[in-house]
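Structure record follows, encoded as C-alpha cells.
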Amino acid sequence: MDELLDRVGERLTPLFDRYDALIDQARRRLDETAGGPLKSWLRPILVALAVTIGLVLALRLILTALTAGGSAGRWAGAVLASVLALILLVVVIRNVVISLIEPDERRLLLLALLTSVAAVLIGVEAFATLTVALADQGGALWTVERFYLWHLVDSVPLLEIPQRLGWVEPAVLPGLPGRLLELGFTLLVIPPLVRVGVAAYGFVEGQAQQRRYTRAVAGKLRGTGSFTSDPDVPELLVVGAGAGAAWVAGSLYLDGTLRVWSLATVAVLVTVAALLVVAATAGIVVGELAEQAGLVTFGLAAALVWLDSPARDALLPAADTWGVWGRIWATLGVWVVVLLVVLVLAWATPEFTDAVIAAALVLGFLGADAPAATWLRAHLTWQPWGVPLSRVVVAACACFAVAYLLRTLWWAARRPPVLGHLDLHDTASGLRQDLRGYALVAVQIVVAAGAALTLLRAASVAGLDGPAGGSWTAASLGLHAAAWHVVDSLPGPDVAEILGWRLTADVTGPWAGLVLVVAVAAVVIFSGLPILRTIVLWARLTASRPRTGQALAAMPDEVVANLRAVVDFLAVEATGQPSRYVPPRRRAWPYRQDQAVVTSPSVEAERRLVDAELQRPRLLDLYGSPSQWYDLADAALRRTAEAYRSWVRVPRPFSFTSGVIMQRSVNSELGDKVAAAREAVDEFADAVARWHAAWRDSPGDEPRSG
C-alpha cells in the first residue's frame with residue numbers, strides 16, 4: 001500500500017509543481033499588468049470578456065438541455081448555475097473589499113474587473129434556472145432571462161433605459177416565491193456590479209485627477225501652452241452642404257424627373273458648386289461670429305420679438321399688439337438686456353456662439369415646417385430646365401445644419417481645459433471659463449438631441465404624444481422634449497416639478513428613447529463629470545496648505561537635487577548648444593487666437609521641476625511660515641521656474657524629421673536668469689545642510705528658524 005501511495009505521489013508531484021508554476025506565472029503577469037499604466041489593463045479585460053462570453057454560452061447550452069429534461073434536470077441546472085454564481089460573486093466581493101481597504105492592491109481590483117461580468121451573467125442564469133425550477137415549466141428560460149436582464153438594465157442610475165425604450169417585462173413567477181427571487185437578484189447580483197464599477201471609476205478618476213494636477217502645475221511653471229487655432233474653413237460644413245444637394249439631385253435622376261445628358265445637368269452642377277462656395281463662406285462667417293457679441297445678441301433679440309415662437313408667447317405675450325415702432329423699441333430694449341447678460345455670464349467661452357448658431361440652424365432648417373426652409377420654398381420658385389432649386393437649396397441647408405451639429409459635438413467632446421493651462425496664473429478666471437464652457441456643452445448636447453428627435457419624426461420612426469400646432473414647429477417640439485428629459489433626469493431636486501414645467505407634447509418611440517438615453521449619458525460624461533473635476537482641481541491648485549503626509553528629513557535634499565538638475569539643463573541651453581527633444585504635439589484649440597507652436601521642453605527637466613514644486617506644501621509643513629529656510633526654498637523654486645519659463649518662450653527652429661531643436665546663438669538673458677537660479681539653489685542647499693546639522697544637535701525636536 002505504501003509503495004502504491006509513493007508511486008501515485010511521484011506521478012502527481014510534477015502535476016502539482018506545474019500547477020504551482022502556472023499560478024505563480026499568472027500572479028506575476030497580473031502584478032505587472034496591475035502595476036503598469038491603465039492602458040495595459042485594456043487587453044486582459046477584453047480577453048476576459050471574450051472568454052466570459054464563450055463560457056456563458058456553453059453554460060447556457062447545458063442549462064437549456066437540463067431545463068428540458070424534467071424536474072430533476074431543472075433542479076440540477078439550478079444547483080449548477082447557483083454554485084458557479086456564488087463562487088464568482090464571493091471572489092468579486094472579496095477582491096473589491098480588499099482593494100478598497102488597501103488601495104495599493106491594484107491586482108485585486110484588476111481581478112475584480114476581470115471576473116465581474118462573468119459573475120453578473122452567471123448570476124442571471126442562476127436566478128433564471130431557479131425561477132424555471134420553482135415554476136416547474138420547461139422551455140421558458142429565455143423569457144425568464146429577459147426579465148432579470150430588464151432588472152439589471154433598470155438599475156443603471158439616471159438613464160431610465162427600460163422606460164425610455166418602452167421595454168416592459170411581465171413577472172415570470174407569480175406570488176411570494178417570485179417576489180423573493182426578484183428581491184434576491186436585486187440584493188445579491190446587482191450590488192457587486194455597482195461596487196466594482198464605483199471602485200474602478202474611483203481608481204481611474206484618482207489617477208487621472210493626479211495627472212491633471214501635475215499637468216496644471218507644469219503649465220503654471222511653463223507659463224504657456226502648446227495649442228493651435230481652429231482651421232479657418234471647416235471642411236465638414238462644406239461636405240455636409242454638398243452631400244445634401246447631391247442627394248436631392250441624385251433622387252431627381254433616379255425617379256426620372258431629370259435626364260443625365262441635358263441642360264438640367266449643367267444647372268445642377270452649377271447649383272451644387274455655388275452651394276459649396278456659399279457653405280465655405282458661411283463656415284468662415286460662423287467662425288468670425290465668435291468675436292461679434294453685439295451682432296449675435298441683436299439677432300437673438302430680433303428673433304425673440306419679431307418671430308412667432310413659444311419663447312415669445314411665454315416672455316412677450318403682447319408682442320402682436322405693439323405695432324412696427326413698438327417692436328423696434330422692444331427689440332432695442334431686449335437687445336440691451338441680452339447683451340449685458342451674455343457679456344457678464346457666457347460670452348467669454350466660444351461654446352456660447354456654437355450653441356446659439358446650432359439652435360438657430362436646427363429651428364430654421366430642420367423639419368417640414370421649419371420657417372427658413374418654408375420661406376425658401378415659397379420664394380425660390382425658379383426652376384431652370386426643370387431643376388427645383390428650392391429642394392436642392394433646402395436639402396443643402398438642412399445637411400449644413402447637421403454637419404454643424406456634428407462639428408460642435410466633436411469640439412465639445414474634446415474641449416481642452418483652461419484651468420491650469422491658459423488662465424495666466426489666475427485660477428479664478430480659469431475656473432469660471434471652464435464652468436461656463438462645460439455648462440454650455442450640456443446645452444449643445446441638448447440641441448443635438450432635439451435635432452435628432454426632429455429628424456426621427458421626419459423619417460416617421462418616432463411619434464408625437466400630445467397636441468402640436470400653433471407656434472410650435474417640429475424642431476421646437478424636439479428641442480423642448482430633449483431639454484425637459486435631460487433636466488428631469490438630473491439627480492437632486494426635481495427641477496421640472498418645482499418650476500411647474502410640463503411637456504405639452506412628447507416625442508415617443510424606441511428610437512426617440514435611445515436618443516434621450518444617449519443624450520443624458522453624454523451630459524453626464526462631457527458636462528457633469530468635467531465640472532466636478534474642474535472644481536476639485538481648482539481646490540487643489542488654490543489650497544494654501546494642502547493636507548500632506550508627515551514631512552521627511554530627506555525631502556529637502558530631493559528638492560535641491562531636482563532644482564540642480566533643472567539648472568544644469570538650462571545652463572547648457574543658455575550656451576546655444578543644439579539638443580534633441582521629443583517633437584511637440586500640435587493640438588487644435590477651439591478658441592479664437594493667433595496660431596502659436598511652442599517648442600516642446602525637455603521631458604526630464606520639466607518633470608523634475610514639477611516634482612520640486614509639488615514638494616512645496618511639505619516644505620511649508622516642515623519649516624513653517626514665516627521661516628528663513630522656507631523663504632530660501634521659495635526663492636530657489638521661483639527663480640528656477642522663471643529661468644525655465646524664459647527658456648520655453650525663446651523661439652527656436654525645429655526639425656520635425658530629426659526631432660532636433662537648433663539654437664545657434666548664446667542667450668544672454670537666459671544665462672542671467674540661470675545664474676540667479678543657481679545662486680538661489682546654492683543658498684537653499686547651504687541652508688538645508690545647516691538645518692540638518694541643527695536637527696542632529698537637537699534630536700528631540702525639529703529645529704525652526706527665528
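Sequential numbering from 1 along the given sequence is applied to the chain's residues.
No side-chain heavy atom of Gln433 sits under 4.5 Å from any side-chain heavy atom of Leu419. Side-chain contact between Arg74 and Thr129 is absent, with no heavy atoms from C-beta onward closer than 4.5 Å. Glu182 is not listed as a side-chain neighbour of Leu173, based on a closest heavy-atom distance of 4.5 Å or more. Leu59 has its side chain out of reach of Leu55: every pair of non-hydrogen atoms, C-beta onward, lies at least 4.5 Å apart. Side-chain atoms of Val443 and Phe352, non-hydrogen and from C-beta on, never get closer than 4.5 Å to each other. Proximity of Tyr148 to Leu181: side-chain heavy atoms (C-beta onward) are separated by under 4.5 Å at one or more points.
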Could you go through residues 504-519 and list every donor-acceptor pair under 3.5 Å that involves a side-chain atom there, pairing it with any protein atom two or more places apart or in another chain?
| unit_1 | atom_1 | unit_2 | atom_2 | d |
| --- | --- | --- | --- | --- |
| Asp506 | OD1 | His485 | NE2 | 3.1 |
| Asp506 | OD2 | His485 | NE2 | 3.1 |

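Residue pairs meeting the ring pair (Phe, Tyr, Trp, His ring centres under 6.0 Å) criterion with at least one partner in residues 437-461, sequence neighbours excluded, are absent. Sorted by first and then second residue, the salt bridge (charged side-chain N to carboxylate O under 4.0 Å, His left out) pairs involving residues 514-537 (not counting sequence neighbours) are Glu205-Arg533. Within the structure, ring pair (Phe, Tyr, Trp, His ring centres under 6.0 Å) pairs that include any residue of residues 23-81 comprise Trp41-Phe203 (at least two apart or interchain).
Salt bridge absent: Glu351 and Arg436 never bring a charged side-chain N and a carboxylate O closer than 4.0 Å.
A donor-acceptor pair under 3.5 Å is formed between the side chain of Asn95 and the backbone N or O of Val91. With hydrogens and angles ignored, the 3.5 Å screen pairs a side-chain donor or acceptor of Asp434 with a backbone N or O of Val418. No donor-acceptor distance shorter than 3.5 angstrom exists from the side chain of Ser476 to the backbone of Trp472, with no hydrogens or angles considered. Under the 3.5 Å distance criterion, the side-chain polar atoms of Arg164 are matched with a main-chain donor or acceptor of Leu159. Counting only distance, with no hydrogens or angles, the side chain of Trp167 and the backbone of Trp150 share no donor-acceptor pair below 3.5 Å.
The distance from atom CG of Leu108 to atom CD1 of Ile98, rounded to the nearest 0.5 Å, is 5.5 Å. Thr408 contributes atom OG1, which lies 4.5 Å from atom CG of Asp354 (distance to the nearest 0.5 angstrom).
Across Trp501 and Trp484, no two heavy atoms sit closer than the pair O-NE1, 3.1 Å. Nearest heavy atom pair, residue Ala481 against residue Leu453, reads CB-CD1, 4.3 Å. The shortest non-hydrogen separation linking Ile531 to Ala439 is CD1-N, 4.3 Å.
Within a 6.0 Å radius of CZ in Arg502, other residues, nucleotides and ligands contribute more than 12 heavy atoms. Trp410 CH2: 12 or fewer foreign heavy atoms inside a 6.0 Å radius.
In terms of the salt bridge (charged side-chain N to carboxylate O under 4.0 Å, His left out) criterion, residue partners of Arg146 (sequence neighbours excluded) are, by chain and number, Glu169. In this structure Phe526 satisfies the ring pair (Phe, Tyr, Trp, His ring centres under 6.0 Å) test with no other residue, sequence neighbours excluded.
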